[in-house]
Each structure stands twice: as C-alpha cells, then as structure tokens.
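Take a look at the structure set out below.
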Number of protein chains: 2
Amino acid sequence: MILDNIPALAPQRRERLRQMLREGGVARVEDLRKSLDVSVATIRRDLEILEEQGKIRRVHGGAVSMESRLEEPVFENKTNLAAKDKQRIAEEAYSLIEPDEAIYLNGGSTTLFLARLLHNRTDLTVVTNSLQAAIELADSGPRVILIGGELRRISQTMVGPLTSAVLAQVHVDKAFMGTMGFCLKNGLTTTDPNEAYSNEIVAEQAGQVILLADSSKAEKVCFARFSDLDNIDLLITDQKLSPSYAKSLPKRGIKVIAV
Amino acid sequence: MILDNIPALAPQRRERLRQMLREGGVARVEDLRKSLDVSVATIRRDLEILEEQGKIRRVHGGAVSMESRLEEPVFENKTNLAAKDKQRIAEEAYSLIEPDEAIYLNGGSTTLFLARLLHNRTDLTVVTNSLQAAIELADSGPRVILIGGELRRISQTMVGPLTSAVLAQVHVDKAFMGTMGFCLKNGLTTTDPNEAYSNEIVAEQAGQVILLADSSKAEKVCFARFSDLDNIDLLITDQKLSPSYAKSLPKRGIKVIAV
DNA sequence: TTGAATTTGATCGATTTTGAACGAAATGCA
DNA sequence: TGCATTTCGTTCAAAATCGATCAAATTCAA
C-alpha cells in the first residue's frame, strides 16, 4: 500500500481514480474517498473532470468507467479457458499465413489475438475494420489498412455503408473472420446488421474465408446474417466441438481444424 | 550522498530537474526545492522553461514528466510542444462549432487537442483520418467516422488513395486542419504527399476550412502542398504571429483569430 | 575594477485547490 | 404514497500555490 503523508498531485490522484474505476468497472464515492484519503468534495470534483474527459460516467452514488474494456477480461485472464482456446485458434490461424499475403481481420477477440501475433510480419498487408487491431499494430508490424466507416462503439469496429467504398478497392488472399454464431441452417450471424454488412462483402470477395470460432459459437444464431456456411473454406475451432457436428461440416465443403 | 555546496549551473540544474521528474513521473515544487536547495521561484522558472520545451507539464503544486521511461514512441508526438498555445487554439476552434454539425479533423497535435474537447458533444459528427483522434473518441462522444486508408505510422493517420473513397461520400460543414507550414506564396504544405492528398480533397469539399496553426508554422514550407492559402476561410493562431504578417492575411480573404 | 546584463531570492496580491456546511434531489423502505 | 436516509451540487472560507515585481547577488565583458 502507499502511505502519502504528502498529498498527491491532483493529476496523479485523478489517474488513480481512473484506474480504480477501470479495474472495478464501477465504484462508489465513499470507497474512493477512503482509498485516496481526501474529502468527498474533491472526489466529486475529480469525477466531474474525468467525466468531462469522457473517461467515466457519473451515476448516483459513484461512477462507472467508460473506457472500453472489451477484450481486457479475455486478455488479462491468461488462465481463462476461453482465452486459451482463442489463443490456440489464433496460433493455428497464424501458421496458415504465407509470406507477403494480404489478409483481412474483422472485429472480435479471436482475431485480435491473431493481430497480436503479427508484429514481426512486415511482409504482410492487414486489412481490418477493427479499431483495436489497428491500435495493436499501430506501432509496428505489417502494412495496416483500416477500412473507413462509422465507429461502432460497442464492438470498436468500423461499420456501415461507407465501408464498402474501401472494401471494393482491395482484395485479400485470406479473410480471418470471427463471428457471434455459426449454424448449419442459418450460416454466419452477428448481432448488428451494420457489422454484418461489411463482413458479407469481405466473405464474398476474399480468396479464402477462414472462420475463427471457439466451440461455444456452434449453432448459435444471432440477428444479422452475413454469410452462408458454404462460403467458408476452413473452420478453426477448439476440441470441445461435438464430434458428430464436426463431422457434418466437411460434407458441406468446410475443412475443420480443432486445436 | 549528494553534496553540492557548489551551486549548480542553471542548465545542469534544469537537467537534474528533468531527470528527477522522469524518474518519479511527478514531483511537487516543494520537494524539488529541497532537493536542489534553491528557492521556489527558481524552481518555478526552471519548470516554466522545461514546459516550453515540452519535457514536462506543469500542474498546480508541481509538475508531471512528459517523457516516458519506456522507449520513445515510434510516431512523432508534438503534443507537448507549445501545448498551451495549441490548447487555446483548440478552445477557440471549439467555440465555432455549432450544434449538429459535421466537422473534419486531420492529423496533428492541435486537432487532437480539439478532439479532446468533444466528449460531451454527442450531437456532432466527426470525420477524421487521425487514428489518435478516433482513439480519443472511441469510448464516448460524437459520432466518429474514420476514413479508410493505409496507416502512416509516423503520423498515425490514414492516408493514400483509398481515403478518397470515403471522402467522396461525405460532406462536412467545417474542416479543422492542422498543417506543417503555411505560407503566402506556397500555401499549405506538409511533409508527406499521401497526407497532402487527403487534406487536399477535404479542403476542396468542406463548407468552411479553418486552419489551426500556431505561429511557428508561419512561412514554413514543406515538401507536399495541399492547398492554396485562398482556400482557407479562417486562421486560428497564437499571438506570437508577427502583426505585419497577421495584417497581410485579411487581404487574401483570410480572417485571423489570434488567441 | 567597473558597469551592464542576467540570475536569483523574497515579497505580496491573485488564483487555485480543498474541505466543510447546508439545502435540494435522489434513493430505499414501509 | 410518504418518510427517512443517502447523495448531490453549491457556496464559502481557509490553505496552498502561483505569477508579477523588485532588489540583491552573480556573471560577463570591457
């Protein structure tokens, strides 16, 4: 623990507030006050400033963090089983990438795992609608082409009609796609039609479509459909996929790799 | 441990200040005074100088180091140079934004300051090619449209021919543009032709073009030109712009606001 | 050494930050 | 619904910090 006899500088204190809120997601004013050893008035003023900066949102009794922790629960928890599956799926996907290829990554945590493996691959071109993937590769790595469009905050992806403008002008060898659900009857589905729109364009144009989906996605159906299952060339999933189901996919022309 | 009875020379002392701040991240004026055995007035003067150089940021009670102990970021970050001027310029620019407008922000530190003021403006639509601006607004704020294109790492912006695909489909009321240099004869210039390309498209299409440029940019000329000075409707700059120069601009049809 | 220019330290009014007080608003409970 | 409790926003005063000013000290150049 920290024992500041001297009061911390205001920005320091606000940074700690921000962090505490980020970690817990929410916090009450009273708890924050006790942790930082200042008056509630100061806490309130700090929260007001952080709200002004868009970092948090104030609610009665405390505040909630507004910073996207979409993937953090997955990433921080290395012991998390789902995270391990996703990591393995991403590694398997990585092994399929050949030199100098152009690949597509859509939004989602599995494809973000894959993006994290690409820092040394300056030979590649990565086309993506995932802001987080672009951020991950913003410092170094392959050539990054982020397709334009409207930012969908909940998924941190670029979506909407504007995406087609860029997608129409590029071609990728392999599209690595995450999805909310895949299903023999209903194909690939996701929650948001705008999201589905760009996925659909990519799935049709890509040289090869490779689905990255852990077994929990099997036979899940969401609102917006973006592709037939037949469009898929390869599914990389984990070993918890039921064997009978796994056997039915090759009959539809889909190769399956279970890692 | 330390026995400087001999008073350190001013540059040495400032270097020590810089180091102490870098090590601790932050420090209060009083502690620095005790460490260096000079008066608070001297500390304050030194901090002022270091702030001007962008090495630190002064806050009430002390200062925060702006130099990461980790590696230097690969992209150039001029956010800390003339930060006060840029903040004021951004605030003036903000006051010009009317409800429900669509605005454009290009890359650069001044426009990033402006982006930071927009967190509450959910009425706006922000079109930008700046990855950092998009990140700033990724969690809350206006509607964000990031134009597609290739990521130029050094400026963290989306550039290249693909940008025109999206830009052709949107219209903004006001374009707030940063630049590397503006010049009566050579117009607006920046270092990279790809960067210039998208700037040029925006400057031609926008309802109003508002140049955000601190006075150090005056009469600077860089490699790639992207607009005549006559395209500009308004220049927001700081008061260090030479009065004679400031007077010559209105003759070219450019309103000048010096903050 | 002398004198000008710069740097430093001290002073003091102005500004900022903080904590406490209190009425207003929101929440929980009967 | 009505009432008790908690939380919020505002106001105010105290404390800390800041910026401006000026005189003393130091440095530099002749």
Side-chain angles (χ1 to χ4, degrees), chain A residues 2-18 20-21 24-66, chain B residues 2-18 20-21 24-66 80 82-85 87-88 91 116-117 119-120 238-240 259:
Chain A
I2 311 158
L3 296 174
D4 323 52
N5 298 351
I6 47 157
L9 254 31
Q12 243 179 327
R13 191 186 53 226
R14 287 184 203 121
E15 188 54 33
R16 270 200 73 193
L17 272 178
R18 190 170 81 92
M20 292 171 71
L21 275 160
V26 301
R28 338 195 77 256
V29 172
E30 182 55 24
D31 298 339
L32 295 170
R33 187 197 64 75
K34 273 187 285 198
S35 300
L36 296 176
D37 202 34
V38 291
S39 72
V40 288
T42 302
I43 296 288
R44 291 216 173 82
R45 274 185 282 253
D46 285 347
L47 292 179
E48 200 171 358
I49 290 167
L50 289 171
E51 184 172 45
E52 190 77 20
Q53 297 174 349
K55 315 279 192 202
I56 65 158
R57 190 163 52 83
R58 244 137 66 80
V59 295
H60 196 89
V64 303
S65 176
M66 292 288 284
Chain B
I2 315 155
L3 293 174
D4 357 37
N5 297 352
I6 44 162
L9 262 37
Q12 279 178 300
R13 190 187 52 227
R14 278 175 216 130
E15 187 54 31
R16 266 202 77 192
L17 270 180
R18 188 168 83 95
M20 291 173 72
L21 273 161
V26 302
R28 18 186 63 250
V29 171
E30 183 55 26
D31 298 340
L32 295 170
R33 186 196 64 75
K34 274 188 283 199
S35 299
L36 296 177
D37 201 35
V38 290
S39 72
V40 288
T42 302
I43 296 288
R44 289 214 174 85
R45 274 185 282 254
D46 286 347
L47 291 179
E48 201 170 359
I49 291 167
L50 289 171
E51 182 172 47
E52 197 60 34
Q53 296 173 348
K55 313 267 205 252
I56 65 160
R57 185 167 56 88
R58 241 137 68 80
V59 297
H60 196 87
V64 184
S65 175
M66 288 287 118
N80 303 318
K84 282 266 164 58
D85 288 335
Q87 177 71 30
R88 271 199 301 273
E91 281 165 8
R116 292 195 178 127
L117 301 174
H119 281 288
N120 296 338
D238 60 75
Q239 306 207 329
K240 293 189 280 290
V259 293

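Per chain, numbering begins at 1; letters A, B, ... match sequence-line order. Every heavy atom of this structure was used, including side-chain atoms; hydrogens, water molecules and symmetry mates were not.
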**Request:** Describe the nucleic acid contact of R58(A) in one word from base, sugar-phosphate, nothing, applying a heavy-atom distance below 4.0 Å.
**Result:** sugar-phosphate
**Prompt:** With the threshold set at 4.0 Å, does a side-chain nitrogen-carboxylate oxygen contact exist between K84(B) and D238(B)?
**Reply:** no
**Asked** Contact class for R28(A) (heavy atom, under 4.0 Å): base, sugar-phosphate, or nothing?
**Response** sugar-phosphate
**Asked** For nucleotides 9-30 of chain C, read 5' to 3', which letter fits each nucleotide if B means a protein heavy atom sits under 4.0 Å from the base, S means only the sugar-phosphate is that close, and - means neither?
**Response** BB-----SSBB------SS---
**Request:** Check A63(A) against L21(A) and note the closest heavy-atom contact, atom names and distance.
**Result:** O-CD2, 3.1 Å
**Request:** Look at R33(B) together with E30(B) and state whether they make a salt bridge at an N to O cut-off of under 4.0 Å.
**Result:** yes
**E52(A) backbone acceptor or donor facing H119(B) side chain under 3.5 Å** = no
**Prompt:** In this structure, which one of R13(A), R16(A), R18(A) forms a side-chain hydrogen bond (donor to acceptor under 3.5 Å, both in side chains) with D46(A)?
**Reply:** R13(A)
**Message:** With a 4.0 Å cutoff (strictly under), does any side-chain N or O of R44(B) reach OP1 or OP2 of dT8(C)?
**Reply:** no
**Item:** Whole angstrom value for the distance that separates P of dC18(D) from CD of E30(B)
**Value:** 10 Å
**Asked** For the pair made of NZ in K84(B) and P in dC18(D), what is the distance, rounded to whole Å?
**Response** 11 Å
**End-to-end axis angle, where each axis spans five pairs of the helix from dT1(C)-dA30(D) to dA30(C)-dT1(D), to 10°** = 40°
**Message:** Under the criterion side chain to side chain contact (heavy atoms under 4.5 Å, CB included), I'd like the reasoning laid out for S35(B) against M20(B): C-alpha separation, chi angles, the key distance, then a yes or no.
**Reply:** CA-CA 10 Å; S35(B) 299; M20(B) 291 173 72; 3.4 Å; yes
**Request:** Report yes if some heavy atom in the side chain of R88(B) is under 4.5 Å from a heavy atom in the side chain of D85(B); otherwise report no.
**Result:** yes
**Asked** Donor-acceptor pair, E51(A) side chain versus I56(A) backbone, under 3.5 Å?
**Response** no
